[in-house]
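We count ligands from 1, going down the list as the structure has it; atoms in each ligand are counted the same way.
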Amino acid sequence: MKTKLASLFLFLSITSYAQDHTHSSSRPLSFPDIPGYKSLKTDLHMHTVFSDGKVWPTIRVTEALRDNLDVISLTEHLEYQPHKEDIPHPDRNRSYEIALKEAKDHDLLIVHGSEITRSAPMGHNNAVFIADANKVLKDKAEDSFSEAKKQGAFVFWNHPAWYAQNPQGNPILSDFQKERIKKGELHGIEVINTTDYAEESLALALENNLTIMGTSDIHGLIDWDYTEKGNNRPITLVFAKEKSLPSLKEALFAGRTVAVYNDLLVGKEEFLLPLLKASITIENASYAGKSNVLQVDLTNSTSSDLLFENASDYTFYDSSPVFEIAAGATKRLMVKTLDRKNTIDLKLKALGCFTAPKTQPIVTYKINID
Ligand SMILES: [Zn+2]
Ligand SMILES: [Zn+2]
């Protein structure tokens with residue numbers, strides 16, 4: 001009986017171990033690489049019980065694996081620890097260390113980060129790629145920023161449009177931020193935080209050459225706050241030369257990002273255009289019967305639904321000029337080319353994508369006809 005129990009126990013522990021390490025999921029986020037770069041799926045803003053989050057750091061690692069992310073950072077508030085009576089933790093590096101250990105056997109990179117948490121005009125700012133979170137905790141916000149810079153951190157302004165700090169829901173670039181930018185202590189800005197997108201933050205990013213960021217800022221569970229509501233968590237796609245921490249850091253400082261939340265993609269045209277080009281696969285282009293109507297299949301290989309408007313010289317035979325290709329789906333278009341051609345340029349405006357406020361990119365897909 002003992003051996004039977006022992007083997008049953010062994011069996012159970014093996015299966016539960018296997019389950020733990022498959023991390024199969026119905027919701028993996030997916031985006032293609034672009035020429036010259038790997039598209040790293042990152043979420044560099046989240047919380048655990050080590051600040052005001054509701055879960056242990058290991059849960060953040062498991063969630064990230066289920067979402068097929070490449071990189072995360074646990075950015076606990078340095079100055080705000082509402083659970084410290086129950087979970088005393090004087091060392092502000094602990095959350096990172098626990099996540100790092102949990103991610104050890106997985107292909108998930110953990111970036112050491114912290115949230116510098118002040119009221120307006122300083123607001124909240126994430127310092128990632130820090131060496132020691134304890135040293136970033138200072139009385140004066142200015143000193144926290146200069147210490148972060150000393151540690152080589154990449155620093156971005158969190159939820160700058162947050163209405164709790166700016167009642168109009170618009171970011172206000174104060175002398176504090178201007179000074180940080182001038183000193184090379186502020187490098188990025190969230191244009192997407194949780195479910196919120198601010199065009200005004202995008203304008204600030206472009207005017208001040210700040211890296212465009214999107215993050216979940218998750219405190220509860222990704223499942224409850226995003227997935228069960230039919231949403232994907234917001235992420236930043238970072239275009240890095242390889243999947244490594246130094247390469248990620250180089251790409252963030254260079255501003256090679258696109259922020260993504262569901263069907264909203266925000267980034268500089270030089271990265272958004274190649275991403276959109278790589279995201280649609282074109283197949284089976286041929287003329288219908290003896291007609292001059294071209295049939296072509298467009299497949300969206302990303303986990304975001306993509307909305308397009310026809311911007312070509314040609315009109316469509318059987319589709320609205322505005323159409324969606326759902327994540328992973330194929331749309332058959334019938335294009336009236338008037339006479340038979342060997343190749344055409346299909347120009348589509350990506351309506352859910354923004355390279356600047358009110359500016360959507362037009363992508364040219366070259367179609368070679370069989
Ligand atoms: Zn915050
Ligand atoms: Zn936060």
Original post:
Is there a donor-acceptor pair under 3.5 Å between the side chain of D175 and the backbone N or O of E179?
Top reply: no

The single option from N231, T215, T194, N232 that satisfies side-chain contact (heavy atoms from CB on, under 4.5 Å) with Y261 is N231

Of all the N, O or S atoms in H124, the one nearest to the Zn ion (ligand 1) is ND1

If you count every heavy atom of other residues, nucleotides or ligands that lies below 6.0 Å from K135 atom NZ, does the total exceed 12? no

Answer key: the N, O or S atom of D217 nearest to the Zn ion (ligand 2) is OD1

Quiz item: Are there more than 12 heavy atoms of other residues, nucleotides or ligands under 6.0 Å from atom NZ of K138?
Solution: yes

Q.
If I take every N, O or S atom of H77, is at least one of them less than 2.8 Å from the Zn ion (ligand 1)?
A. no

Angle subtended at the Zn ion (ligand 2) by H45 NE2 and H47 NE2, to the nearest 10 degrees, is 110°

Review point. Do side-chain atoms of H83 reach the backbone of G53 as a donor and acceptor pair under 3.5 angstrom?
Key: yes

Of all the N, O or S atoms in E115, the one nearest to the Zn ion (ligand 1) is OE2

